[in-house]
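Letters A, B, ... are given to chains in the order of the sequence lines, protein chains preceding strands, and every chain is numbered from 1.
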Amino acid sequence: MKPFVHVRPDSAADAIDAVAADPDAVFLAGGTNLVDHLKLGVATPGTLVDLRGLTSTAVEDLPDGGLRIGAGVRNSDLAGDPRVRRDYPGLAMALLAGASGQLRNQATTGGNLLQRTRCAYFQDVTTPCNKRVPGQGCAARDGWTRYHAILGAAQDAAGLRHCVATHPSDMAVPMVAFDAVVQLAGPDGDRAVPLGEFHRLPGDDPSRDTVLRQGELVTAVDLPPLPVAARSTYRKVRDRASYAFALVSVAAAVAVEDGTITDARVAFGGVAHRPWRATRAEEVLRGAPATEDTYRAAADAELADATPLDTEVGGNAFKVPLLRGTLTTTLRRLAEERP
Amino acid sequence: MTTTDLVPARAMGTPRRRTEGPAKVTGTARYAAEYAVARPLHLHPILATVPRGRVTAIHTTAAEALDGVVAVLTTRDAEALADTADREFAVLQDDEIGFRGQYVAAVLADTSETARHGADLVRVTYDEDPFRARLDPDSGELYAPDSVNPAFATDSVIGDVSSALRDAPVTVDATYRTAMTHNNPMEPHASIVVWEPAGTGGRFTIFDSTQGVSATRRNVATVFGLDPGDVDVISPHVGGGFGSKGNMHANVVLACLAARRVPGRPVTYALTRQQMFSLVGYRTPTVQHVRLGASPDGRLTGLVHDVVEQTSRIKEFAEQTATYSRSVYAAPHRRTTHRLDPLDVPVPSWMRAPGECPGSFAAEVAMDELATACGLDPVELRIRNEPDADPESGKPFSSRHLVECLRRGVERFGWSRRDPTPRARLVDGWWTGTGVAAAAYPANRAPGSGATVRFHAPAAGGEEHWDVEIAAADIGTGARTVLGQIAADALDVDVDTVEVTVGDTAVPAATVAGGSSGTTNWGTAVVDAAQRFREKFGADPSDGDEADGTTPETDAAEHYAMSAFGAHFVEVAVHADTGEIRVPRMLGVFAAGRILNPTTARSQLLGGMTMGLSMALHEDSVMDPRSGHVVNHDLANYHIASCADVGEIDVEWIDEVDPHVNPMGSKGIGEIGIVGAAAAVANAAHHATGVRVRSVPITVDAFLG
Ligand SMILES: Cc1cc2nc3c(=O)[nH]c(=O)nc-3n(C[C@H](O)[C@H](O)[C@H](O)COP(=O)(O)OP(=O)(O)OC[C@H]3O[C@@H](n4cnc5c(N)ncnc54)[C@H](O)[C@@H]3O)c2cc1C
Ligand code: SF4
């Protein structure tokens, strides 16, 4: 563990300047992910710029009827917000499916989006990892891949996958299904990035999880008004009943009229380098009858390009039928519920 | 005959809370690394990153230059130890690497952060040799050990099992696998060590987290060539061990080596969770081939249990996996074998119910398969194969109430309403089913414990009280409390007047807390001391009178087969779409001699069952054969059952008083709860889904078509 300087600037602007000016500086929010990485040697920053008191801890109504979630809002507070529970129940469920009560009390919205993969090799500095040290190789792709990607980890010309990690957040999965937008403030001004474009696919540069630039601060996440989200849910499948990351998860919202699906939002967790918006599944669902066959067809459409890994240490091919089953059971339940 | 005179039970058998409970819940009970010592130094080790080979260079300059670093110990400069016959204790003695994670250096600094930073700055280079780190049942290197833990025959053959199997009308022939698992007690292995030189020698004071201070004293004395009396070990409270603190491990040797580098200064070393996956033992994975032959009415004619498991190359540990099959069911023709695959891996060791735990998984799932093959109720099948005497030795049982456990379980669980058809109950999207398994665990007894009983006359207006002293270990089990109850009855005094001191080499030496033998061994010594006290001083002793006792020799084991027994009944639900598996209900019924303290006994049995559930569904140390280490080496990735995984757990016991094991009428209860539990889960999963899972942990993948 490398010694570091801990600073508490007076304003968000000062915090941004501090990190923008120093490639060795990082933001510190709840610390539940970053502090682990400091201990493990996965992160070796010279300066921690503490965000306490500098980012909003409020969930505000937006004029268009949506919600603005401050980057400093704790996961537990967001899960308990009455508007979230009423208008975006799948988001509340996802938050409550994550980590533990103690961690949710500490973890922030911004930190949750920017938490890094739980890939066991990424977290162990004695094993090669392209995400930690670009060009080092990827220990996971032929190793323990139970928690790794089956979607979006394309091979390069030589048939190599540079990174097969997954993004571990539960919260981000319904957010991406609901077209959330990330508000950023940076040294060069503010910008807004749709959450679906915020996390990257690994490509040949897995070291970058997101499109965030050095010194850019997440200030808020906006949820648009979305009537269908009032009938949303989150289904997480994991290796124990609580306190485990997702093997796969599904966030879904559907509107059904006279047995026909009129609107659908679907995203997957635990299967890709980013929270995975299942647009192909959505296309199959919209306008189709709310039947078992439709749900399976939706799953198959999204899974058509799945590239599971088969390794000596335990591959992840089981995630394909698992995701199919999880999506099916989730949609069936949701469609059966009457508003 | 060898019938022991039993101590009349008054305090024994009554519920009593742990005497140290208030100290623990208020945080005043001290654990090993928590002692306030003056000017402590902190140790952080550097672990080998190759599984086999040798160190070629260790660069320590950068670490040594760090402000606050006091010393860097390496393989190049560590003192030569007096005795390294036990290769696990040969810490920093040479450059050879026997497993990934082996100690190659350590940094001592004035804060734990500096020590850790210093350790990051040490650079080690290696020559790497080819290695093998994953159990291979077809390995050309398999060999038969001389014996299996602790001293059982490696193989056993009775009758002509090949003919019996060939001629059997009904057979089961299947291979079962259990995962490598790590004990993972909540409190990590930790020590504070002080070395005080005197003349040509000196003495160690060691605050340690151990299941046996006397064994640690002996081991440290041997390794450093000291008189055992020059090693003090103090360990009054231990935050769990599950066997991993039973045998001393290399961490204590490293902390002692470091302490000798800085005479007079305390050295603190608490392992990180990751280090615990390399250095403090684990349960070997097993591959078990079971073959059963039976008549159509389910009576076993032949039984074979062949085990392949791993050991480390540097030190042999042979888990006694097949011994379970030697004692549970009758069959005229039988064979059990153990073969080891020597690997370049950390040293395996004891983990709760070594042998019986993994062995019962294979044996009890195989019995379920036989029940299906015979079209018999699995409870009835077990009753039909109940032996009159120990199936291998022919000795009578000191007491055996397995059938009573099964029958009581049938009643309490509502088993008779069970429809045997698999995959027939879909409830709200979940396939549900129930399963049963038996359990057995030997009632071990070993010599080597002493105890002192001392009387204190009442001060003016006060009450008399009694000191009972024995270097036993209370690893959270309630041992201290139970020993007080035993002493009270042996002395025939009020239990509240007895104060028990354990976990300190300043009091009479005792055996380790292991093999579910602690209460038997220590209680016997306490009873002996109490009886000697009464013989010496009668009913009216004077202030300060004291007597010592030991564990008298007994030949009970020559005449009797002695074991505790039990039966597990489990309900399982498996999600039809996702394969998620849940265990809403478990019942364990045990016959384990006199239950000395129902409160603490219930915790032991319930804890064992919970650990069995955890083994059934979760625990899996994933060995990456390319790097030779367990990649999921933290508690976020190595899953143990969470509260949400544990449904209703019902624990019961049969009234049983065993006259032969010890003077209390009891048997051990620390391990029997885990034995058979995982098999009952697998059997219930089969009843629920029709899918026969022959390996643990049982995860979603097993049920996804
Ligand atoms: C044992 C354990 C189990 C867990 N289980 C789950 C689970 O099941 N599901 C799940 O979703 N999560 C789980 N988590 C992860 C948890 O949700 C994250 O650790 C948490 O959300 C991170 O938030 P934080 O505020 O603590 O972030 P920090 O640790 O403070 O920061 C994380 C990263 O985000 C950056 N950052 C933080 N805020 C900002 C900002 N405003 N702008 C720009 N950058 C920022 C930091 O620089 C850092 O790189 C678990 C964590 C642990 C330790
Ligand atoms: S999957 Fe990604 S994070 Fe994991 S080892 Fe490979 S490159 Fe690193």
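Side-chain atoms of A/Asn130 come within 3.5 Å of backbone atoms of A/Gly137 as a donor-acceptor pair (strictly under, hydrogens ignored).
Under the 3.5 Å distance criterion, with hydrogens and angles disregarded, a donor-acceptor pair is assigned to the side chains of B/Thr286 and B/Thr178. No side-chain N or O of A/Thr328 forms a donor-acceptor pair with one of B/Asp577 less than 3.5 Å apart. Side-chain contact of A/Thr166 with A/Tyr147: a donor-acceptor pair under 3.5 Å is absent, judged by distance alone.
With a 4.5 Å cut-off on non-hydrogen atoms, A/Leu323 does not touch chain B at all. Heavy-atom distances place no part of B/Ser627 under 4.5 Å from chain A, backbone and side chain included. If you measure heavy-atom distances from B/Asp120 to chain A, the contacts under 4.5 Å come from the side chain alone.
For chain A, the option among B/Leu121, B/Thr272, B/Ile640, B/Ile581 with the highest count of heavy-atom pairs below 4.5 Å is B/Ile640. Among the candidates B/Glu580, B/Arg626, B/Arg134, B/Arg100, the residue making the largest number of heavy-atom pairs closer than 4.5 Å to chain A is B/Arg626. By number of non-hydrogen pairs under 4.5 angstrom with chain A, the leading residue of B/Gln274, B/His629, B/His44 is B/His629. Per-residue heavy-atom pair counts under 4.5 Å with chain A were compared for B/Arg116, B/His639, B/His575, and the maximum is reached by B/His639.
Under the 30°/60° scheme for interplanar angles, the aromatic rings of A/Tyr121 and A/His148 are found to be tilted.
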